[in-house]
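Quick caveat, the model's predicted, so the values are computed rather than measured. Read the numbers this way: they start at 1 and go in the same order the structure lists the ligands and their atoms.
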Amino acid sequence: MTTGTSSLGLPMTVPAEGLPGRVRIYEVGARDGLQNEKAVVPVEVKAEFIRRLAATGLGTIEATSFVHPKWVPQLADAEQLYPEVADLPVELPVLVPNERGLDRALALGARRVAVFASATESFAKANLNRTVDEALAMFEPVVARAKAQQVGVRGYLSMCFGDPWEGPVPVPQVVKVCRALLDMGCDELSLGDTIGVATPGHVQALLTALREAGVPVSVIGVHFHDTYGQALSNTLTALQQGVTTVDSSAGGLGGCPYAKSATGNLATEDLVWMLQGLGIDTGVDLGRLVATSVWMAAHLGRPSPSRTVRALSHQEQ
Ligand code: HMG
Ligand code: MG
């Protein structure tokens, strides 16, 4: 057992059994975080944010979305932003809802894209102006064309646990859409708790059902919003079930403009603190990450909601 102290800005390290040796953090702050800001963050600030995130050791940083600019005006500068960061030595996935979005992303040399489905009809309509099946049909040529060019494809699935219009979402309904995304060729899945209502037993139930449906845990990522403070417990549960990809956002930025009651994602700093305490390798420099979120909070004009950022930066609340 190795130990450190929190006064040095690091947790004591005490490993626990039954957890992976390494976790891939899939950073979504620049996309999921900034898409939900009332004010549009200037493109130079976004580019600097992504550069700073890359310098912390994060290997996967979702950069932006090639969606309709009227639907998400905060990310309407995707064409200006992407070339500013394209040379960074990290994975820079981008969201694409349809072939128009894919064309825009490919024109800039994107090598990783993500489509984003919904487990519920209400959110499919609100977010994509489609039924669940129509949205899947919209993604099919996107995935096929991306794969034909060896571009990696992630399939997000929103509302995997609860939906603000429909309430609890039945597990088999979620498994069905996960299967459809994998069958169309997605390389990985991200299970979205869009409004943060999941609790650990529910996470375990969904992961068990996916395993029973033949979905390998190696393709599953988890994406927890932290509305009810459950994101970290849910993440630990997922790690205990063999998941090794975790989505989070620096400083806990985030939400979804088309889902009322969606708040920020699990904060990357809170995740790194826990993983480091468990002795799980992430490759991330926590001090630099906190400094990045403090810098971003100053641009946004309010402190980060992350407990770890607050503790390590001694921000006045
Ligand atoms: P629509 O209005 O049905 O679009 O929106 P359409 O297909 O009827 O096309 C209408 C016009 O939009 C056409 O132009 C298209 O060319 C244009 P016109 O011919 O009329 O001049 N258009 C586009 N322009 C630029 N880029 C495009 C594009 N597509 C069409 N990609 C659409 C359908 C999918 C476009 C729209 O609903 C949309 O953009 N939705 C995106 C919503 C979004 O980004 N939500 C947030 C991300 S999801 C999320 O946050 C959840 C997640 O974090 C996981 C979780 O937490 O659960 C991932
Ligand atoms: Mg999200």
Side-chain angles (χ1 to χ4, degrees), residues 26-37 62-79 82 93-108 110 113-120 122-132 134-139 141-142 145-146 153-164 169 174 177-178 181 186 188-198 206 220-227 231 234 245-250 252-268:
Y26 187 107
E27 169 62 44
V28 298
R31 192 281 304 171
D32 209 343
L34 299 185
Q35 78 179 8
N36 209 39
E37 282 301 314
E62 198 165 72
T64 187
S65 298
F66 292 91
V67 296
H68 196 295
K70 285 202 190 115
W71 282 66
V72 185
Q74 292 87 344
L75 303 185
D77 55 9
E79 262 80 9
Y82 193 85
V94 294
L95 261 58
V96 295
N98 52 18
E99 287 193 87
R100 178 75 203 284
L102 181 70
D103 290 339
R104 293 172 57 202
L106 293 180
L108 297 171
V113 298
V115 294
F116 43 105
S118 170
T120 65
S122 303
F123 187 63
K125 188 75 190 159
N127 200 42
L128 294 161
N129 197 24
R130 302 283 186 280
T131 65
V132 169
E134 286 167 353
L136 291 172
M138 177 167 76
F139 301 147
V142 176
R145 285 181 50 206
V153 187
R154 163 177 261 222
Y156 274 107
L157 185 59
S158 288
M159 304 299 173
C160 287
F161 300 93
D163 172 288
V169 180
V174 179
V177 190
C178 283
L181 287 168
C186 289
E188 61 172 311
L189 294 174
S190 173
L191 306 176
D193 183 15
T194 320
I195 56 170
V197 291
L206 176 56
I220 296 176
V222 287
H223 180 105
F224 296 119
H225 286 263
D226 204 22
T227 322
N234 290 335
T245 295
V246 179
D247 299 4
S248 61
S249 77
L253 296 169
C256 177
Y258 291 102
K260 58 184 177 190
S261 65
T263 64
N265 295 78
L266 168 63
T268 309

Side chain or backbone of [X] under 4.0 Å from ligand 1, or both, or neither, by non-hydrogen atoms?
X: Pro97; answer: side chain
X: Glu134; answer: neither
X: Asn98; answer: side chain
X: Asp32; answer: side chain

Below 4.0 angstrom from a heavy atom of [X], which ligand 1 atoms are there? Numbered from 1 as shown, please.
X: Asn129; result: 1 (P), 2 (O), 3 (O)
X: His223; result: 53 (O), 54 (C), 55 (C), 56 (O)
X: His225; result: 56 (O)
X: Gly192; result: 57 (O)
X: Val72; result: 43 (C), 44 (O)
X: Ser158; result: 51 (C), 54 (C), 55 (C), 57 (O)
X: Gly101; result: 31 (N)
X: Arg104; result: 25 (C), 26 (N), 27 (C)

| query | Nearest to the Mg ion (ligand 2), which N, O or S atom of Asp32 do we find? | reply | OD2
Looking only at N/O atoms, are [X] and ligand 1 under 3.5 Å apart anywhere?
X: Tyr156; answer: no
X: Phe66; answer: yes
X: Asn127; answer: yes

Side chain [X], main chain [Y], donor-acceptor under 3.5 Å:
X: Arg104; Y: Val67; value: yes
X: His225; Y: Thr263; value: yes
X: Asp226; Y: Ala231; value: yes
X: Asp32; Y: Asn265; value: no
X: His68; Y: Lys70; value: yes
X: Glu27; Y: Thr268; value: no

| query | Quick one: does Arg130 get a heavy atom under 4.0 Å from ligand 1? | reply | yes
| query | Should the pair Tyr156 and His223 be assigned to parallel (<30°), tilted (30 to 60°) or perpendicular (>60°) ring geometry? | reply | perpendicular
| task | Select the closest option to atom 24 (N) of ligand 1 among Met159, Arg100, Gln74, Arg154, judged by heavy-atom distance. | result | Arg100
| note | Check: of His68, Arg31, Glu62, Glu99, min heavy-atom distance to atom 17 (C) of ligand 1 comes from His68
Nearest 0.5 Å please: distance from the [atom1] atom of [X] over to the [atom2] atom of [Y].
X: Gln35; Y: Gln74; atom1: CD; atom2: CD; result: 7.5 Å
X: Leu128; Y: Asn98; atom1: CG; atom2: CG; result: 9.0 Å
X: Phe161; Y: Leu191; atom1: CZ; atom2: CG; result: 6.0 Å
X: Met159; Y: Asn127; atom1: CE; atom2: CG; result: 8.0 Å

| query | Do Asp247 and Arg31 sit within salt-bridge range, that is, some charged N less than 4.0 Å from a carboxylate O? | reply | no
| request: Please list, chain by chain and in numerical order, all residues satisfying salt bridge (Lys or Arg N to Asp or Glu O under 4.0 Å) with Asp193, sequence neighbours excluded. | output: none
| request: For the Mg ion (ligand 2), decide whether Asp247 has an N, O or S atom at a distance under 2.8 Å. | output: no
| note | Rounded to 10°, the NE2/His223 to the Mg ion (ligand 2) to NE2/His225 angle comes out at 90°
